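Each remark here refers to the structure printed beneath this line.
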Amino acid sequence: MNEDEFWELAAGYAVGALSAEEERALLDAAAGDPQRQRILDEMVETSAAFAESIPEVAPPSGIRDALMANLGPQEAPADPLVDAAIAVPADADAPSPAGVTARPAPAAHAAPAPRRHRTLFALAAAVVLVVGIGAGILTLTQTLDRTPAEVALEQIVESGDHSRAEAEMAGGGAVVLDWSAETGTAVLTADGLPEIADDQQFEAWFVRDGAPIPAGVFDGTSEAQAVLEGTMHEGDLVAITVEQHGGSDSGLPTSDPIVAVETAS
């Protein structure tokens, strides 16, 4: 059984559209191939979940009568060849006129066989599309439910050069700094931050060669997580100060750091 045949039959199996012979052939093909078995299981689960997600809706009253009235009695289209074959003389054994050879009645036209495999292939494509859309929606929903800092932290952790450093604050809180040169990002996670006024914010700084460089402002009660603005360099010290809302106008700290994280090894 090739891949196209497997996918077609798998789609039919997921919606219960296979004959007993086709079902046996499909299950035999999947039994010896773990990947095919996994695909088959996923298609069955997706089909079931999709069916359960569609609410039952009662059709409007009178819709059946309206449909039947619109359809009306259906007559088969006339076939001149068939009509000619039916209109034979009453005496079938009577000889044909001189010089005329009697034409045999044409055979009835055979209806074309339904293209079942093509239908199942389309069904397989639809099931695969549902799987893909479902996975995409799930991923998008999970991403939208997370903050930019959470998304950036995941990327940093999954990078090939994830680094982490910690520092404690005087009041007992702690700050964790995660960064990656590969992604060019750094995320600061603080727990136990001091209370500040409503018109103030925390501001982060990269301290490089003794000079402070603004790295963004963030709010926080006792906990906070923020993506630092700008690119962190190897050996930078990361400090946090309390500034006016929006950050220091001068681009320089106006208060002493409440914590500083050493990143140099």
Side-chain angles (χ1 to χ4, degrees), residues 1-86 103-147 150-151 153-155 157-160:
M1 180 181 297
N2 62 36
E3 289 304 310
D4 286 348
E5 292 171 340
F6 173 77
W7 279 90
E8 292 171 12
L9 293 180
Y13 179 77
V15 296
L18 297 187
S19 66
E21 181 180 354
E22 289 171 327
E23 184 173 324
R24 282 195 300 271
L26 174 68
L27 295 179
D28 288 344
D33 189 329
Q35 182 176 359
R36 284 185 169 184
Q37 185 64 55
R38 178 182 58 79
I39 293 172
L40 183 60
D41 292 342
E42 288 180 355
M43 293 183 76
V44 171
E45 292 173 4
T46 300
S47 178
F50 185 68
E52 292 175 359
S53 68
I54 302 176
E56 293 186 5
V57 179
S61 59
I63 189 171
R64 181 181 181 280
D65 295 338
L67 287 173
M68 297 306 294
N70 287 333
L71 290 174
Q74 301 295 309
E75 297 182 357
D79 188 330
L81 294 179
V82 175
D83 292 343
I86 295 175
R103 184 177 62 179
H109 295 291
R115 298 182 178 179
R116 189 166 183 274
H117 288 297
R118 179 175 296 179
T119 302
L120 287 179
F121 185 79
L123 181 58
V127 174
V128 172
L129 180 61
V130 170
V131 173
I133 291 175
I137 291 175
L138 178 60
T139 301
L140 178 61
T141 301
Q142 291 173 338
T143 300
L144 293 177
D145 286 344
R146 295 183 299 170
T147 65
E150 290 172 333
V151 175
L153 180 58
E154 180 180 351
Q155 294 172 346
V157 171
E158 293 178 351
S159 69

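In this text the structure is predicted, and so the values were computed from the model without any measurement. All residue numbers in this chain count up from 1 along the given sequence. Any value given below was found using the heavy atoms of this structure, including those in side chains, with hydrogens, waters and symmetry copies removed.
To the nearest 0.5 Å, atom CG of residue L18 and atom CD of residue E8 are 10.5 Å apart. Note that the CG atom of D33 and the CD1 atom of I39 stand 8.0 Å from one another [nearest 0.5 Å]. The line from CZ of R36 to CG of D28 is 11.5 Å long, rounded to the nearest 0.5 Å. One distance of note links CH2 of W7 with CG of L26; it measures 11.5 Å at 0.5 Å rounding.
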- Message: As a quick check of understanding, evaluate side chain to side chain donor-acceptor pair (under 3.5 Å) for D41 and Q37, giving each step before the final call.
- Response: CA-CA 6 Å; D41 292 342; Q37 185 64 55; 3.0 Å; yes

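Shortest non-hydrogen contact noted between M43 and A14 is O-CB, 3.7 Å.
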